[in-house]
Amino acid sequence: MKNTLILLILLNFSLISFSQQGFPGGNITPGSIQGSVLDSISGKPLEFASIELFQKGGGNPMEHFGKDFFTPAVIQRLQTDTIFADSIKQVMTKLQENSKPKLITGTVTNSKGKFYFTDIPLGSFIIKVSSLGFNPKFIENIEITYNKTSVYLDPLELVINQIALGEVTIVEQAPLYETKVDKVIYNAEKDAASESGNGADVLRKVPMVTVDHDGNVQLRGNSNIKVLINGKPSALFNNNLKEALRMIPANEIKKVEVITSPTAKYDAEGTAGIINIITKKKDVEGLYASVNLNLDSNNPSSNFSYNQKKGRLSAYANLGLSGNLPKSTTNEVYREDFLGNEKRIFQQLGDASYNYKGYYGTAGLEYEFNERNSINSALTLNRFNTVFDNDSKITFSDPSISLFQEYSRISDGNFRHGNLDWNTDFMRKFKKEGQELSIAFQLMHQITDQHYDYLQSGNDTILWYDEQSDNDGENNEYTFQLDYTHPFNDNIKMEVGGKSIVRQLNSVYGLKQFDYDTEQYNENSLFSDVFDYTQTVSAGYLSLNSTWFKKFEMVSGLRYENTGISGDYNSERPSFNNKYENWVPNFILSRKLKNMSTVKFTFSNRIQRPSMFYLNPYTDNQDKLNLKTGNPFLKPENTYSYELGYSTFVKTLMINISGFYKNTEGMISGITSVDSTGIGITEYQNIGNSESLGMNLFLNYRIGEKYSMNAGFNIYQEEFNYGTITNSGLSYNGNIGFFANYKNGFKISFYSFFNSARLSLQGSSTGFIFTMLGVSKSIWKDKGSIGISIRNPLYGKFTFDNTTNGENFYQYTKFVVPFRSFGLTFTYSIGKMDFISQAKRKGRGVDNDDLKAGESGQGGVGGGGIGN
């Protein structure tokens, strides 16, 4: 009996292997499998659906037997003796259940939704069917035997928004929100309300991210973030983030990744984390083009995209136009300061309007030399122009000298920004799965042009002036990057690399004052100069990712960065030089629990170099009693973060909760003071420390195939310290959303976000509520769609307050801005594509995520000429 069992097991191994090749000396005809794939909603065939064929079991009988083991007598008995063959089959089935399926071939469906496999060996198989926008589906226990060599499958229907359970794994269509070991993902393309609006509207729905009325972005209450597009830096975001976000149509954003604990592979800067915006650039076979029109009452835009791949050459292009109808706002500033026992009062009431227009375009080529070597080159251009004007009525009283001034000021101007990014990278893949080498180069050229005209008159001739102010900047940046990934085995992977960055910035700023006697504009040398700034960064990193017992995953790494800076003026102002180095560690430990639950601990150390927004010594003096200026002697911030998180699934409910502590030394912030003449001056300084202790809670709940809901809540205690100045308090924000996806092509989205008052070193700003409702419908056999949306239906306008307190003053500002908008969207696409894996693009190119963007405007006008 024992010998018989051993014989059966050995024969099973031989059958498993020979089922892949055919029996030696036999004449068994190779098998075939055929079927069709349908859309479960319309019942129509699905073209270009991906079909993958996996074989259960494995093994090579030659390792156990000689090539003469299978004699004609043994083979004949297997074909004729049913009892003997069934016994072999039972053993084979048992071993197959414990073996790992192996992908042996694949294909796509034709125009009628049909597929056909031939030359299939004997054995047991699994078929995986997938198509863009549908849930993958597994068909198991497909048998090709000696007496059944052809299999005809029933029509396979793919459905949307359901969980498909397979024997080997659980496969789920990407939900609206996902959590990974090092990031949280918002899948914007699955949100009907994202068919209209712009990038700022999309970011308002991302967990842990807040976007205020003016488009300023924060992550967990911190504005020190880096925004990437498709995993790469872009000059589009360097100088004016809020304007750049307005230029990106919401319906061109595929998903947004929030990385709160970047690994050593990322640049050391961005103390709050990284936001990576992934656009809908497709990796395809064939030709595909689409047009998107967004007729929004506030921010109309249009976008055209083109993708083509033939053989080894791929080409893609995208062009977007955006702008806004002129917007009118009102503003108020009230300040009282004390000189001895006397109280001076400054008050300003203003009406302003602004509008902008711009374009964004990118084009690229990729050539695959072979399956392991490829080169990619892309060029990005963008330009936008903002025109603004302000009409203000001002009063200033100083009882100590019996002074009362009443005057009006008209100011208008424009801010033009343009940049060019050129990226080229070479990717080399090795025979070992996951082993790859990437070499990348990036050139960024950026220009800015900022111009103001001021005309003031009042009850005293000393108040009369006519001025022109210019602040032009140019930034050239050169980056070389090398990255190598080496998997030692399935459980241990190493990443190592280096980077060199050279930034050369030039700012020319000046102030011209009109001389009423000569009727000419003369330059004021006190507010005019040429500033040259150079920054070099040399970096290297090592990161290890390891998995233990299929439950523990650890990512640990160390990054070294050496920074050199120098600045020089055309005037007699002193030049400066400085060097510093940083060792930046990071650590992530994740533990998988039962029921798809995970607990995670992270530690990271991040720095934040000041960008040109903070460094530029240009003084914004359009308001003579309220000046703003940069500080070229700023040092980088240094932040330590600790986080403990837990995520789980309870049926269709996803729960993600985490607690965090963050400590920042040398935080960069604006400091406002009022001098003895009543002039308020805001200058950026490395203030003392800031601490933040808080928690995040995020829920996503699916209700059947049609409906889903999500909710998030963040709360944190903040404290700022600088000398004798201290400010602390509790801040919070949250969101709730409801989403419906019907079989007839209708989609409905409702979203609402609220934010409490935001703290700063010297005060706080008011909170606000943002609400959005969107409806869309697929048309023309899913080739197009139409949609409508409304933002903030309850608030035509909204008032935002801000308070600032100093040693001898109190200041209050108020802005009233339009808040309601309506949108109508239309999309249409042509062409047929075979969508293929984008994994080969992952991790490619240059990632410069290392500069603190502008505060308030996050790189906007007023603080400096150019940003980076």
Side-chain angles (χ1 to χ4, degrees), residues 188-189 193-203 211 215 227 229-230 234-254 277-282 288-308 315-327 353-364 378-388 414-422 445-449 774 776 784-789 791 818 821-831 859-861:
E189 65 178 346
S194 292
E195 291 297 316
S196 64
N198 53 43
D201 296 319
V202 173
L203 288 189
V211 183
V227 178
I229 186 164
N230 296 319
S234 173
L236 177 67
F237 296 130
N238 286 346
N239 194 67
N240 197 314
L241 176 58
K242 64 182 181 181
E243 294 289 352
L245 290 173
R246 290 191 182 111
M247 291 180 59
I248 302 178
N251 53 20
E252 273 301 305
I253 297 178
K254 179 180 178 66
I277 299 175
I278 308 295
T279 62
K280 292 180 179 178
K281 182 181 68 176
K282 303 171 181 70
Y288 179 87
S290 67
V291 61
N292 300 276
L293 301 177
N294 175 25
L295 304 179
D296 189 274
S297 60
N298 279 345
N299 303 107
S301 64
S302 61
N303 183 270
F304 172 79
S305 64
Y306 168 85
N307 299 266
Q308 184 172 9
Y316 53 91
N318 182 278
L319 175 63
L321 303 175
S322 66
N324 76 286
L325 302 176
K327 293 183 179 181
S353 67
Y354 74 93
N355 71 287
Y356 82 93
K357 58 183 177 180
Y359 67 84
Y360 168 83
T362 183
L379 184 69
T380 299
L381 296 169
N382 72 79
R383 184 178 180 87
F384 64 81
N385 181 38
T386 302
V387 179
F388 45 87
N414 61 70
F415 176 70
R416 290 190 289 267
H417 167 87
N419 69 267
L420 177 150
D421 294 356
W422 175 47
H445 175 69
Q446 182 179 21
I447 57 173
T448 59
D449 180 5
S776 68
S785 70
I786 55 175
I788 58 175
S789 64
R791 294 170 181 79
S821 68
F822 301 88
L824 173 65
T825 62
F826 169 78
T827 66
Y828 182 71
S829 62
I830 60 174
V861 298

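Scope of the values below: all heavy atoms of this structure, side chains included, with no hydrogens, waters or symmetry mates.
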Rounded distance [0.5 Å steps], [atom1] in [X] versus [atom2] in [Y]:
X: H417; Y: N382; atom1: NE2; atom2: CG; value: 5.0 Å
X: L325; Y: K357; atom1: CG; atom2: NZ; value: 13.0 Å
X: L321; Y: Y359; atom1: CG; atom2: OH; value: 10.0 Å
X: N419; Y: L381; atom1: CG; atom2: CG; value: 8.0 Å
X: S305; Y: N292; atom1: OG; atom2: CG; value: 6.5 Å
X: S302; Y: L293; atom1: OG; atom2: CG; value: 6.0 Å

Results of side chain to side chain contact (heavy atoms under 4.5 Å, CB included) for [X] - residues two or more places apart only:
X: Y828; result: V291, W780, K783, F826, I830
X: N298; result: D296, K327, S821
X: L379; result: L420, W422

Within the 3.5 Å criterion, strictly below it, is a donor on [X] or [Y] matched to an acceptor on the partner's side chain?
X: T362; Y: T380; result: yes
X: N414; Y: R416; result: yes
X: S785; Y: T827; result: yes

Worked verdict on V227 versus I277 for side-chain contact (heavy atoms from CB on, under 4.5 Å): CA-CA 7 Å; V227 178; I277 299 175; 4.0 Å; yes
Derivation and outcome, side-chain contact (heavy atoms from CB on, under 4.5 Å), residues V387 and F415: CA-CA 7 Å; V387 179; F415 176 70; over 6 Å; no
Partner set under side-chain hydrogen bond (donor to acceptor under 3.5 Å, both in side chains) for S297, not counting sequence neighbours: none
Nearest heavy atoms of F388 and Y354, plus distance in Å: CB-CB, 3.9 Å
Partner set under ring pair (Phe, Tyr, Trp, His ring centres under 6.0 Å) for Y306, not counting sequence neighbours: none
Any donor-acceptor N/O pair, N324 side chain to Y356 backbone, under 3.5 Å: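 Side chain of N324 to backbone of Y356: a pair is present.
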